[in-house]
Participant: 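One structure, as structure tokens, below. Some questions next.
From a predicted model like this one, the values you see are computed outputs, not experimental measurements. Along the sequence shown, the residues carry numbers beginning at 1. Worth knowing before you read on, the calculation uses all heavy atoms, side chains too, and leaves out hydrogens, waters and symmetry mates.
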Amino acid sequence: MFDPKTKKYPYTEYTDGHYIVVKSDNGAVFDKNYDYLPSNFSFRFSRFFFNLFIRTLVALVVKIRMGLRIHGRKNLKTHKKLIKEGIISVCNHIHYWDYLGIYYGIRYHKPKYLVWANNVRGSLGGAIKLLGGIPIPDDNLGGQIAFTKTIRKVLNEGGWLHIYSEGSMWEYYKPIRPFKLGAATYACKYDKPILPMAYTYRKPGWIRRVIFKQIALLDLHIGEPIFRNENLSGEEQIKDLTRRSHEAVCKLANVKNNLYPPIFEKNRRVDYY
């Protein structure tokens with residue numbers, strides 16, 4: 001399986017670190033008064049046409065630009081009833097546009113996804129919200145309570161919630177970084193399955209590689225739902241589900257002898273080049 005092994009990007013010391021610099025700041029404060037899940041008419045109207053635009057023109061551009069191929073879409077049909085009852089998906093976060101790839105891959109579903117707060121404060125904040133982005137609040141107790149209520153509402157109403165459990169984006173990085181416990185915590189708390197997904201890489205042809213300076217082409221793999229082990233206690237249940245979802249993503253990504261443990265514990269980057 002192709003590994004880009006690029007040194008182009010400044011991967012951070014810790015595996016959950018962000019290196020993208022968001023230059024603009026709209027001043028949004030993610031506290032108890034912030035509308036994490038807008039539902040007013042003007043927002044729904046804008047979202048309808050924005051999503052129509054994404055599903056037609058942008059999705060096509062993403063597929064061409066990323067060389068995107070989708071595998072395992074049959075699993076969505078097989079588990080259609082289960083998905084309608086509420087589900088959480090996880091995936092390695094390896095490209096600035098990789099959520100658009102997921103959005104394209106799962107087709108007619110309307111997912112929500114958790115987003116780094118700075119991204120929503122940036123110039124693309126409006127588009128992120130229209131695409132279903134929910135900002136993760138800073139250290140604000142009122143905001144964290146409102147955020148948790150939003151997650152509960154999404155899942156209890158049969159929604160799809162996508163979480164990047166690695167905690168940040170590292171472009172074209174093949175090893176699967178440790179997962180934070182958030183996805184499994186919500187899955188156990190609200191009794192929802194986790195659907196693992198994974199991106200893998202293909203080597204670009206000469207034209208893409210030399211003329212367009214493309215590092216890799218992408219494949220998205222959609223796996224089978226994973227359920228919590230009801231025989232375990234609360235904390236062990238969360239850790240067990242995190243381990244198994246991490247293992248499933250590694251398997252989908254064809255990453256053997258992964259460099260990192262499954263659960264994040266302030267892990268430092270391993271340079272394997």
Participant: How long is the straight-line distance from NE2 of His79 back to CG of Asn75, given to the nearest 0.5 Å?
Facilitator: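 If I round to the nearest 0.5 Å, the distance is 5.5 Å.
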
Participant: For the CD atom on Glu265, are there more than 12 heavy atoms of other groups (residues, nucleotides or ligands in this structure) within a distance under 6.0 Å?
Facilitator: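 Count not over threshold, so no.
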
Participant: Is there a donor-acceptor pair under 3.5 Å between the side chain of Asp98 and the backbone N or O of His95?
Facilitator: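 Indeed, once roles are kept as given, a pair shorter than 3.5 Å links the two residues.
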
Participant: Can you confirm if the aromatic rings of Phe264 and Phe179 lie within a centre distance of less than 6.0 Å?
Facilitator: no

Participant: Determine yes or no for a side-chain-to-main-chain donor-acceptor pair under 3.5 angstrom, with Asn229 supplying the side chain and Asn231 the backbone.
Facilitator: yes

Participant: Do Tyr260 and Ile176 make a side-chain contact, defined as non-hydrogen atoms from C-beta onward lying under 4.5 Å apart?
Facilitator: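 SC-SC contact between Tyr260 and Ile176 ruled out.
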
Participant: Hey, quick one: are Leu252 and Leu220 part of the same hydrophobic cluster, counting side-chain heavy atoms closer than 4.5 Å, chains of contacts allowed?
Facilitator: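 No, because Leu252 and Leu220 fall into different hydrophobic clusters, even though each may have its own neighbours under 4.5 Å.
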
Participant: Looking at Tyr34, is its backbone amide N or carbonyl O close enough to the side chain of Asp31 to form a donor-acceptor pair, meaning the two atoms are under 3.5 Å apart?
Facilitator: yes

Participant: Before we go on, tell me: are the rings of Tyr173 and Tyr11 under 6.0 Å apart, centre to centre?
Facilitator: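 Ring-ring flag for Tyr173/Tyr11: true, centres closer than 6.0 Å.
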
Participant: Looking at every heavy atom in both Arg208 and Arg65, which two are closest together, and how far apart are they?
Facilitator: NH1-O, 3.4 Å

Participant: Compare all side-chain heavy atoms of Trp170 with those of Tyr19 and state whether any distance is below 4.5 angstrom.
Facilitator: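 Yes, side chains in contact.
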
Participant: Looking at Leu241 and Ala187, what are the two nearest heavy atoms and their distance?
Facilitator: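 That closest heavy-atom pairing would be CD2-CB, 3.6 Å.
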
Participant: Give me the ring orientation class for Tyr201 and Tyr172: parallel if the planes are under 30° apart, tilted from 30 to 60°, perpendicular past 60°.
Facilitator: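 The rings of Tyr201 and Tyr172 sit tilted, inter-plane angle from 30° to 60°.
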
Participant: Is there a side-chain contact between Lys192 and Arg228, using heavy atoms and a 4.5 Å cut-off?
Facilitator: no

Participant: CD of Glu247 to CD1 of Ile226: how many Å apart, nearest 0.5 Å?
Facilitator: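 Output value for this atom pair is 8.0 Å.
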
Participant: So, do Pro38 and Lys129 sit near enough that their side-chain heavy atoms are less than 4.5 Å apart?
Facilitator: yes

Participant: Please work out whether the ring planes of Phe50 and Phe53 are parallel, tilted or perpendicular, with thresholds of 30° and 60°.
Facilitator: tilted

Participant: State plainly whether one hydrophobic cluster holds both Tyr96 and Leu57, where clusters connect Ile, Leu, Val, Met, Phe, Trp and Tyr through side-chain heavy atoms under 4.5 angstrom apart.
Facilitator: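 Yes, Tyr96 and Leu57 fall within the same hydrophobic cluster.
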
Participant: Please work out which of the three classes, parallel, tilted or perpendicular, describes the rings of His18 and Trp116, given edges at 30° and 60°.
Facilitator: parallel

Participant: Cys91 vs Ile102, test: side-chain contact (heavy atoms from CB on, under 4.5 Å). Steps then yes/no.
Facilitator: CA-CA 9 Å; Cys91 187; Ile102 292 171; 4.1 Å; yes

Participant: Might you point out which heavy atoms bring Ile134 and Lys112 nearest each other, and give the distance in Å?
Facilitator: CD1-CB, 3.9 Å

Participant: Would one find more than 12 heavy atoms of other residues, nucleotides or ligands at under 6.0 Å from atom CD of Glu224?
Facilitator: yes

Participant: Taking Ile94 as the starting point, is it possible to reach Tyr9 by hopping between hydrophobic residues whose side chains are less than 4.5 Å apart?
Facilitator: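 Looking at the clustering, Ile94 is in the same group as Tyr9.
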
Participant: Are Pro196 and Ser245 close enough that some pair of their side-chain heavy atoms sits under 4.5 Å apart?
Facilitator: no

Participant: Look only at the side chain of Tyr36 and the backbone of Pro137, and say whether a donor-acceptor pair between them is shorter than 3.5 Å.
Facilitator: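 Such a contact is absent between Tyr36 side chain and Pro137 backbone.
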
Participant: Give a yes or no on whether Tyr108 atom OH has more than 12 heavy-atom contacts from other residues, nucleotides or ligands under 6.0 Å away.
Facilitator: no

Participant: Do Thr200 side-chain atoms and Ala253 backbone N/O form a donor-acceptor pair below 3.5 Å?
Facilitator: no

Participant: With no hydrogens and no angle check, just 3.5 Å: does a side-chain donor-acceptor pair link Arg268 and Tyr14?
Facilitator: yes

Participant: Under 3.5 Å, side chain of Asn140 to main-chain N/O of Gly143, donor-acceptor pair present?
Facilitator: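 Side chain of Asn140 to backbone of Gly143, a donor-acceptor pair under 3.5 Å: yes, one is there.
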
Participant: Please test Tyr99 against Tyr113 for ring pair (Phe, Tyr, Trp, His ring centres under 6.0 Å), starting from the C-alpha separation and ending with a verdict.
Facilitator: CA-CA 9 Å; Tyr99 180 70; Tyr113 67 110; 3.7 Å; yes

Participant: How long is the gap from NZ on Lys251 to CZ on Arg244, to the nearest 0.5 Å?
Facilitator: 13.5 Å

Participant: Show your working on salt bridge (Lys or Arg N to Asp or Glu O under 4.0 Å) between Lys81 and Glu85 and close with a plain yes or no.
Facilitator: CA-CA 7 Å; Lys81 182 178 179 181; Glu85 295 174 354; 5.2 Å; no

Participant: According to side chain to side chain contact (heavy atoms under 4.5 Å, CB included), who are the partners of Lys63, at least two apart in sequence or on a separate chain?
Facilitator: Leu68, Tyr104

Participant: Keeping Arg202 on the side-chain end and Leu218 on the backbone end, is there a donor-acceptor pair under 3.5 Å?
Facilitator: yes

Participant: For residues Tyr164 and His93, establish whether the separation of their ring centroids is below 6.0 Å.
Facilitator: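 Ring-ring flag for Tyr164/His93: true, centres closer than 6.0 Å.
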
Participant: Could you check Ile194 against Ser89 for side-chain contact (heavy atoms from CB on, under 4.5 Å), going step by step and ending with a plain yes or no?
Facilitator: CA-CA 5 Å; Ile194 288 182; Ser89 58; over 6 Å; no

Participant: Would you say the side-chain atoms of Lys174 pair up with the backbone N or O of Met1, donor to acceptor, closer than 3.5 Å?
Facilitator: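 Yes, Lys174 side chain to Met1 backbone: donor-acceptor pair under 3.5 Å.
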
Participant: Taking all atoms of both residues into account, what is the closest heavy-atom pair of Ile106 and Leu76, and its distance?
Facilitator: CA-CD1, 3.7 Å

Participant: Does Val120 offer a backbone N or O that forms a donor-acceptor pair with the side chain of Asn26 under 3.5 Å?
Facilitator: yes

Participant: Got Asp16 and Glu166 here, is their nearest side-chain heavy-atom distance under 4.5 Å?
Facilitator: no

Participant: Evaluate the side-chain proximity of Ile87 to Leu161: yes if any heavy-atom separation is below 4.5 Å, no if none is.
Facilitator: no

Participant: Do Val90 and Phe227 belong to the same hydrophobic cluster, where Ile, Leu, Val, Met, Phe, Trp and Tyr are linked whenever their side-chain heavy atoms lie under 4.5 Å apart, directly or via other members?
Facilitator: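 No, no single cluster joins them.
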
Participant: What's the separation between atom SG in Cys250 and atom CG in Leu259, rounded to the nearest 0.5 Å?
Facilitator: 10.0 Å

Participant: Is it possible for you to say whether Leu217 and Val58 belong to one hydrophobic cluster, with membership spreading through side-chain heavy-atom contacts below 4.5 Å?
Facilitator: no

Participant: State, with a plain yes or no, whether a side-chain heavy atom of Val62 is found less than 4.5 Å away from one of Met66.
Facilitator: yes

Participant: Is the number of heavy atoms from other residues, nucleotides or ligands within 6.0 Å of OH (Tyr272) greater than 12?
Facilitator: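 Buried by this count: over 12 neighbours within 6.0 Å.
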
Participant: Among Leu114, Asn156, Leu37, Ile88, find the residue that satisfies the side-chain contact (heavy atoms from CB on, under 4.5 Å) test when tested with Ile151.
Facilitator: Leu114

Participant: Kindly check if the number of other-residue, nucleotide or ligand heavy atoms within 6.0 Å of CG (Leu52) is above 12?
Facilitator: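 It does: Leu52 CG has more than 12 such atoms within range.
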
Participant: Might you work through the side-chain contact (heavy atoms from CB on, under 4.5 Å) test for Lys7 and Asp271, ending with a clear yes or no?
Facilitator: CA-CA 10 Å; Lys7 295 183 179 180; Asp271 292 322; over 6 Å; no

Participant: How long is the gap from OG1 on Thr242 to CG on Leu181, to the nearest 0.5 Å?
Facilitator: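 Going from OG1 on Thr242 over to CG on Leu181, the span is 4.5 Å.
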
Participant: Step by step, would you call Asp138 with Arg121 a salt bridge (Lys or Arg N to Asp or Glu O under 4.0 Å)?
Facilitator: CA-CA 12 Å; Asp138 305 311; Arg121 292 192 182 101; 2.4 Å; yes

Participant: With Tyr199, which residues qualify under ring pair (Phe, Tyr, Trp, His ring centres under 6.0 Å), at least two apart?
Facilitator: none

Participant: Ignoring hydrogens and geometry beyond distance, is a side-chain donor-acceptor pair present between Arg177 and Ser168 at under 3.5 Å?
Facilitator: yes

Participant: Looking only at non-hydrogen atoms, find the nearest pair between Gln214 and Pro204 and report the distance.
Facilitator: O-CG, 3.4 Å

Participant: To the nearest 0.5 Å, what is the distance between CD1 (Ile83) and CG (Leu195)?
Facilitator: 6.0 Å

Participant: Testing the basics here: between His109 and Arg55, what is the closest heavy-atom pair and its distance to 0.1 Å?
Facilitator: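 In terms of heavy atoms, the two residues are closest at O-NH2, 2.7 Å.
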
